[in-house]
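Worksheet: one structure, shown below.
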Amino acid sequence: MTPPPPPRPDLAPDAHLERAEMEAMQREIAAAAVFEDDFSFDPATLGNPLGTASSGTETPLVAGVDQSFLTNEAGDQDRALSAVVAMRGGEVIERVHAVTSLEIPYVPGLLAFREGGPILAALEELSCDPDLLLFDGSGRIHFRQAGIATHVGVVLDVPSVGVAKSLLCGEPRGDTENLSPGTHVPIEANSRVDADEGTLLGYAVQTRQYDSPDRSINPLYVSPGHRVGPETAADAAAALATTYKLPEPVRLADSYADEAKREYTR
DNA sequence: GCGACAG
DNA sequence: ATCTTGTCGC
């Protein structure tokens, strides 16, 4: 048996670090991360309606996390609003959000240092404790294999998955245009990634697709955050995307972030 | 110098 | 991420 990885509050994203220090911390995060299944719930029941699973294990509690930003009188984005929607068996169990001041601008590869603080603040407001966290952004598909899903997952030691709408880095192992729904294509490490060339980082997952060849829906780029393997990450995203392209927890967190934002705009 | 670049 | 109405198509 592998020893249970402990939470790592010492690796919480600090927006005041220098860039080199942030990158060094990400290498630590990647080293501490577990990119394989290491959880107790039954992933096969993630998409189940509700109630107790037939096997006796309870349907997993999944939380989606997303952010919206508040603008200042001057016109600058000075605050982040992080929203969390917890669901079980397709039903919303709890919704919470937190508003914190923004410290740094968006920099590709350093997203966790901009949004990690707000996210941790929102998750502290949650009274339930999720079996799985879904983030809007990358996990292992990251220059240093430490995207926001991996970073937050390691800090809290909670299984997590990264769900991005566009590819940050890595190379699809095949065509990702006009994929059929239910299809997935491997994303491998390339020269831009701090990993052996060809390492499986995640999958391009096609959850929805139009029938007509006229237009097409782009796939999601799903990768392990922490304590989840690439296949399980892709399966979970697909199983939770019941009605729309995005997994329901993430989609609802997205709309809730906008909804809650209005309450501050007035 | 050039290209790439989650949200 | 954000600014934003209507509009094309099933």
Side-chain angles (χ1 to χ4, degrees), chain A residues 13 15 19 22-23 26 29-30 64-84 97 99-120 122 133-153 160-172 176 181 187 189-194 201-205 208-225 233 237 243-247 250-251 253-262 264-265:
Chain A
R19 181 166 185 143
M22 292 180 174
E23 297 181 349
Q26 293 185 320
I29 289 289
V65 186
D66 193 20
Q67 288 68 241
S68 62
F69 299 88
L70 304 183
T71 299
N72 204 358
E73 282 83 353
D76 323 305
Q77 294 186 332
D78 64 329
R79 291 156 294 164
L81 189 160
S82 187
V84 180
H97 73 268
V99 176
T100 66
S101 59
L102 275 176
E103 314 286 3
I104 59 176
Y106 166 69
V107 175
L110 299 179
L111 184 65
F113 292 89
R114 172 178 165 84
E115 305 182 356
I119 289 173
L120 290 172
L133 260 27
L134 256 49
F135 294 90
D136 61 310
S138 290
R140 194 180 188 181
I141 295 179
H142 179 273
F143 308 123
R144 291 165 290 282
Q145 304 186 79
I148 194 160
T150 301
H151 203 135
V152 177
S160 62
V161 170
V163 180
K165 295 180 289 298
S166 60
L167 191 60
L168 174 62
C169 57
E171 186 67 29
T176 57
I187 301 297
N190 55 15
S191 61
R192 301 171 60 196
V193 181
D194 211 329
L201 302 177
Y203 287 100
V205 179
R208 302 278 133 176
Q209 190 52 282
Y210 293 130
D211 294 310
S212 60
D214 301 340
R215 287 178 302 174
S216 70
I217 298 176
N218 296 132
L220 292 175
Y221 295 92
V222 184
S223 58
T243 321
Y244 295 86
K245 166 181 176 174
L246 285 174
V250 180
R251 188 183 72 81
D254 181 89
S255 58
Y256 178 45
D258 284 329
E259 177 191 326
K261 176 180 180 177
R262 297 170 209 159
Y264 291 84
T265 305

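Reminder, nothing fancy here: chain letters follow the sequence lines and each chain counts from 1.
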Please work out if [X] contacts a base, only the sugar-phosphate, or nothing of the nucleic acid, heavy-atom cut-off 4.0 Å.
X	value
A:Asp258	sugar-phosphate
A:Ser68	sugar-phosphate
A:Gly162	nothing
A:Leu110	base
A:Ile148	base

So, is [X] close to the [N] phosphate, meaning a side-chain N or O under 4.0 Å from OP1 or OP2?
X	N	value
A:Lys261	C:dT2	yes
A:Lys165	B:dG7	yes
A:Ser166	B:dG7	yes

### Task
Answer yes or no: is there a donor N or O on one side and an acceptor on the other, between the side chain of A:Gln145 and the main chain of A:Asp194, under 3.5 Å?
yes

### Query
Counting distance only, does the side-chain N/O of A:His97 pair as donor-acceptor with the main-chain N or O of A:Ala122 below 3.5 Å?
no

### Query
In this structure, which one of A:Ile187, A:Val163, A:Leu168 forms a side-chain contact (heavy atoms from CB on, under 4.5 Å) with A:Tyr221?
A:Ile187

I need the [atom1]-[atom2] distance between [X] and [N], as an integer number of Å.
X	N	atom1	atom2	value
A:Asp76	C:dC3	CG	P	14 Å
A:Ile104	B:dG7	CD1	C1'	12 Å
A:Arg140	B:dA6	CZ	C1'	17 Å

### Query
Checking A:Arg114 against A:Tyr106: charged group under 6.0 Å from the ring centre and within 45 degrees of the axis?
no

### Message
Which nucleotide wins on minimum distance to the side chain of A:Leu168, given the candidates C:dA1, B:dC5, B:dG7?
### Response
B:dC5

### Query
Dot-bracket for DNA chain C, 5' to 3', with Watson-Crick and G-U pairs under 3.5 Å, [ ] for crossing pairs and | for other-strand pairs: what is it?
..........

### Query
Tell me, what's DNA chain B's dot-bracket, Watson-Crick or G-U with both distances under 3.5 Å, | for other-strand, [ ] crossing?
.......

### Message
With the criterion set at under 5.5 Å between ring centres and under 30 degrees between planes, would B:dG7 be stacked on A:Tyr106?
### Response
yes

